[in-house]
Number of protein chains: 2
Amino acid sequence: MTRIPAADRRSALVRAALRVVADRGVAQATTRAIVAEAGMSLASFHYAFQSRDELMVELIRHVVDEEATAVLPEAPIEDADGRGERESLRQILRAGLQRYADHVSGDPLREKAMLELTQYALRSPELHHLAVAQYERYHSLAAEALDTAARQSGSVWLHPVGEVARLLVSLTDGLTIAWLVDRDDSATAKLLDVTADSVAALGRPA
Amino acid sequence: MTRIPAADRRSALVRAALRVVADRGVAQATTRAIVAEAGMSLASFHYAFQSRDELMVELIRHVVDEEATAVLPEAPIEDADGRGERESLRQILRAGLQRYADHVSGDPLREKAMLELTQYALRSPELHHLAVAQYERYHSLAAEALDTAARQSGSVWLHPVGEVARLLVSLTDGLTIAWLVDRDDSATAKLLDVTADSVAALGRPA
DNA sequence: TCAATAGTGGGGCAGTTGACCCAGTGCACA
DNA sequence: TGTGCACTGGGTCAACTGCCCCACTATTGA
């Protein structure tokens with residue numbers, strides 16, 4: 001009988017739930033499945049959480065937080081003094097897209113889980129705002145990355161960066177789904193090339 | 001006791017199931033809910049279908065077929081003799097994107113259902129190939145539309161049209177999700193502008 | 001006209017689900 | 001050291017799920 005503070009159990013259960021959702025899907029993420037994954041008893045679950053729904057809220061919050069930090073830190077490091085080689089906007093975009101694609105293919109199940117959780121949130125009035133917050137964060141992250149890319153390449157965007165950001169997020173979402181469906185790596189690689197071209201066309205040298 | 005041939009019941013059940021999935025989600029599409037929606041008894045369900053899974057297969061097949069015919073017929077009619085006004089590639093793309101966006105906002109629940117069903121298929125080994133077929137069809141539909149757009153505007157694509165098609169499908173998928181999440185019509189309108197610009201940049205006058 | 005058959009309906013079954021209860025147990029703090 | 005309480009485990013519950021059974025009935029076609 002290992003005694004664990006309720007707060008610790010909460011986070012352990014959230015992590016276990018994420019594994020279950022990734023491996024088997026939201027529908028199979030029953031309290032029992034989660035509890036088994038975490039190696040706990042059912043009672044511990046309901047001691048830590050009032051209900052399964054409460055866990056789901058926490059789970060979505062958790063993945064949103066993680067996703068935000070997962071892609072961002074790998075963003076290109078900006079030259080402090082600007083004396084380094086200047087990459088073209090297209091090159092920077094292409095590299096960023098590659099990082100994202102690697103992130104996805106590095107853990108496909110996680111990405112599948114993210115999409116499922118978004119859909120799940122979209123079905124529940126109480127959770128909908130979490131999905132909205134998730135996408136607001138995506139958009140601002142993308143805007144930030146695009147700002148950096150423009151600065152690094154000495155370019156300016158021909159549209160408000162927020163609009164380009166929405167384009168970028170839509171693109172990454174879409175290519176994620178397409179890849180999850182057909183796992184066509186070579187098609188995706190070419191898609192990244194095309195994407196970099198088309199997005200880069202939205203900027204011009206300053 | 002209205003007697004209905006099993007084949008008719010099958011399609012009635014499939015249509016009822018689609019309504020239930022759209023309104024309440026895949027998880028709530030229980031045999032009882034579907035049967036209630038169709039106004040039948042539970043026994044009729046299992047007379048028409050061996051199992052719920054069999055219905056889901058049929059349902060996915062059905063929506064894939066429908067989706068294909070839903071967007072295509074609205075595609076721009078090509079000038080038979082080519083003497084008409086030539087629209088720019090960008091204009092044609094923008095108009096096509098608008099049609100798609102209208103299609104989505106015209107029936108948001110349907111689109112949500114499509115996405116959920118794709119995810120559902122992605123979770124089942126037996127259904128996965130249906131999702132693959134679905135996206136193959138999307139891609140070829142997009143390629144066809146892009147070909148037409150290029151011809152109509154007297155342009156050529158700088159990349160193989162299949163690659164641009166994958167970009168277009170990714171884009172539409174992504175913007176659908178974003179809109180389903182935040183329902184931001186003005187952001188979407190601007191996104192369509194930006195998208196048309198960036199995709200049009202992948203073509204040049206022939 | 002009358003059997004064979006396609007289709008119907010209600011009741012029921014076993015398995016799974018989320019949630020709960022409560023007697024017990026180890027830990028922290030006095 | 002002891003006492004209060006956070007925490008545990010196992011058993012239980014009602015609701016819901018997909019599926020099945022079987023007596024019954026309308027329809028068909030010989």
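Letters A, B, ... are given to chains in the order of the sequence lines, protein chains preceding strands, and every chain is numbered from 1. All heavy atoms count here, side chains included; hydrogens, waters and symmetry mates do not.
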Visitor: Can a donor-acceptor pair be found between the side chains of B:Y100 and B:T176 at a distance below 3.5 Å?
Guide: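 Judged by distance alone, the side chains do pair up.
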
Visitor: For the residue pair A:D184 / B:Y135, report whether a side-chain donor-acceptor contact shorter than 3.5 Å exists.
Guide: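 Checked: B:Y135/A:D184 side chains show no N/O donor-acceptor pair below 3.5 Å.
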
Visitor: In this structure, how many angstroms lie between the C1' atom of C:dT17 and the CD1 atom of A:I34, rounded?
Guide: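 About 12 Å, once rounded to whole Å.
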
Visitor: With a 4.0 Å heavy-atom cut-off, tell me which residues in residues 51-61 of chain A come close to DNA chain C, sorted by residue number.
Guide: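 When residues 51-61 of chain A is checked for heavy atoms under 4.0 Å from DNA chain C, the hits, listed by number, are A:S51, A:R52.
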
Visitor: A:A33 or A:A43: which one's nearest nucleotide on DNA chain C is closer to the 5' end?
Guide: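 Residue closer to the 5' terminus by nearest nucleotide: A:A33.
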
Visitor: Consider the side chain of A:Y47, meaning its heavy atoms from C-beta on, and name the nucleotide among C:dA6, D:dA6, C:dG18 that approaches it most closely.
Guide: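 Closest of the options to the side chain of A:Y47: D:dA6.
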
Visitor: Under 4.0 Å between a side-chain nitrogen and a carboxylate oxygen: does that hold for B:R61 and B:E66?
Guide: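 Here B:R61 does not pair with B:E66 in a salt bridge, since their nearest N and O are not under 4.0 Å apart.
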
Visitor: For the side chain of A:H46, counting heavy atoms from C-beta on, which of D:dG9, C:dC20, C:dG9 is nearest?
Guide: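 My answer, after comparing the listed nucleotides, is C:dC20.
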
Visitor: Would you mind reading off the distance between B:D8 atom CG and C:dA6 atom C1', rounded to a whole angstrom?
Guide: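 Interatomic distance, CG of B:D8 to C1' of C:dA6: 13 Å.
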
Visitor: Is a donor from one side chain sitting under 3.5 angstrom from an acceptor on the other, for B:D185 and B:W179?
Guide: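 Distance-only check passes for B:D185 and B:W179.
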
Visitor: Show the distances under 3.5 angstrom between N or O atoms of the protein and N or O atoms of nucleotides 12-16 of chain C.
Guide:
none

Visitor: Indicate whether OP1 or OP2 belonging to C:dG18 is found under 4.0 Å from a side-chain N or O atom of A:T31.
Guide: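 Yes, within the criterion.
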
Visitor: Grab the CD-P distance between A:Q28 and D:dG18 for me, whole Å please.
Guide: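 One finds 13 Å between P of D:dG18 and CD of A:Q28, rounded.
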
Visitor: Out of A:V194, A:L175, A:D182, which one pairs with B:R166 under the side chain to side chain contact (heavy atoms under 4.5 Å, CB included) rule?
Guide: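 It is A:D182, the one option of A:V194, A:L175, A:D182 that forms the side chain to side chain contact (heavy atoms under 4.5 Å, CB included) with B:R166.
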
Visitor: Roughly how many Å is it from CD in B:Q50 to P in D:dC21, rounded to a whole number?
Guide: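 It is 12 Å, rounded to the nearest whole Å.
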
Visitor: What is the distance from CZ of A:R10 to P of D:dC7, rounded to the nearest Å?
Guide: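 Spelled out: CZ on A:R10 to P on D:dC7 is 12 Å.
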
Visitor: Under 4.0 Å between a Lys/Arg side-chain N and an Asp/Glu carboxylate O for B:R94 and B:E87?
Guide: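 A salt bridge is absent here (no side-chain N lies under 4.0 Å from a carboxylate O).
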
Visitor: Side chains of A:E116 and A:Y120: donor-acceptor distance under 3.5 Å anywhere?
Guide: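 No, no side-chain donor-acceptor pair sits under 3.5 Å.
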
Visitor: To the nearest angstrom, how far is B:F49 atom CZ from D:dC20 atom P?
Guide: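 One finds 15 Å between P of D:dC20 and CZ of B:F49, rounded.
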
Visitor: With a 3.5 Å distance limit and no angle check, can you tell me whether A:T195 reaches the backbone of A:L191 through a side-chain donor-acceptor pair?
Guide: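 Confirmed, A:T195 side chain pairs with A:L191 backbone.
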
Visitor: Taking the side chain as every heavy atom from C-beta outward, state whether B:I177 and A:I177 have any pair of such atoms under 4.5 Å apart.
Guide: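 Side-chain contact under 4.5 Å: yes.
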
